A.B. asks: 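Here's a structure for you.
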Amino acid sequence: MSGYDDDRPEERWVDNHPLLLTINGQGCGTTRLDDLRNGIGIVRLVAISAPLRGRGYGRLLNAMVEQYARDLGIDVLFVSAAANAEGFYTATGWARYVADVPEQLGKAGHCVRMTKRIVR
């Protein structure tokens with residue numbers, strides 16, 4: 001059991017965008033992009049199906065999120081990355097962020113706060 005609760009109200013907020021990566025009609029990755037409406041977005045709940053990891057789908061999902069954020073007018077993204085995923089995020093242009101982060105990012109234990117500027 002993951003502890004994820006899809007009945008939380010924020011799952012249905014208009015500025016929170018659930019995204020699904022499909023390959024050949026099958027879901028293989030998912031995330032949610034929260035648009036704070038001030039040029040800032042928070043990437044949450046990133047997951048690639050276990051049997052499909054290591055095949056480039058994480059990079060594809062990352063690119064999809066960036067384009068979606070760009071289309072929404074978001075300039076900066078934040079994520080609380082699992083410690084074992086920091087290398088992936090660094091390799092895709094994210095950087096550790098230790099200054100003040102948006103309050104909405106929250107405090108996820110054992111996670112690395114990271115940020116990425118979106119190029120338009």
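Note that this is a predicted model, so its numbers are computed, not measured.
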A.B. asks: Sequence neighbours left out, what passes side-chain contact (heavy atoms from CB on, under 4.5 Å) with Arg117? Give chain and number order.
C.D. replies: Asp75, Val76
A.B. asks: Measuring from Ile42:CD1 to Arg113:CZ, what's the distance to the nearest 0.5 Å?
C.D. replies: 9.5 Å
A.B. asks: I'd like to know whether Leu33 forms a side-chain contact (heavy atoms from CB on, under 4.5 Å) with Leu72, so could you lay out the CA-CA distance, the side-chain angles of the two residues, the decisive distance to 0.1 Å, and finally the verdict.
C.D. replies: CA-CA 10 Å; Leu33 175 61; Leu72 291 173; 4.0 Å; yes
A.B. asks: When rounded to the nearest 0.5 angstrom, what is the spacing between CD1 in Ile40 and CG in Asp35?
C.D. replies: 10.0 Å
A.B. asks: Looking at side-chain heavy atoms only, is the closest gap between Arg32 and Leu19 below 4.5 Å?
C.D. replies: no
A.B. asks: Are there over 12 heavy-atom neighbours, none belonging to Arg70, within less than 6.0 Å of that residue's CZ?
C.D. replies: yes
A.B. asks: Check Ile48, Thr30, Thr92, Leu20 against Leu61 for a side-chain contact (heavy atoms from CB on, under 4.5 Å) and give me the one that passes.
C.D. replies: Ile48
A.B. asks: Taking all non-hydrogen atoms of both residues, which atom of Ile23 and which atom of Cys28 are closest, and how far apart?
C.D. replies: CG1-SG, 3.4 Å
A.B. asks: For Asp15 versus His17, what's the shortest heavy-atom pair and its separation?
C.D. replies: O-CD2, 3.3 Å
A.B. asks: Give me the atom names and distance for the closest heavy-atom approach of Arg59 to Ala91.
C.D. replies: NH2-CB, 3.7 Å
A.B. asks: Hey, does Arg44 have a side-chain heavy atom less than 4.5 Å from the side chain of Thr31?
C.D. replies: no
A.B. asks: Please lay out, stage by stage, how Phe78 and Val43 fare under the test side-chain contact (heavy atoms from CB on, under 4.5 Å).
C.D. replies: CA-CA 6 Å; Phe78 289 92; Val43 178; over 6 Å; no
A.B. asks: Taking side-chain contact (heavy atoms from CB on, under 4.5 Å) as the definition, give me every residue that meets it alongside Tyr89, ordered by chain and number, with sequence neighbours left out.
C.D. replies: Val46, Val79, Ala81, Ala85, Trp94, Met114
A.B. asks: Is a side-chain donor or acceptor of Thr115 paired with a backbone partner of Leu77 at a separation under 3.5 angstrom?
C.D. replies: yes
A.B. asks: Show the nearest heavy-atom pair for residues Met64 and Leu21, with the distance to one decimal.
C.D. replies: CE-N, 4.1 Å
A.B. asks: The test is side-chain contact (heavy atoms from CB on, under 4.5 Å); show your working for Glu66 and Asn62 and say whether it passes.
C.D. replies: CA-CA 6 Å; Glu66 283 184 38; Asn62 184 65; 3.1 Å; yes
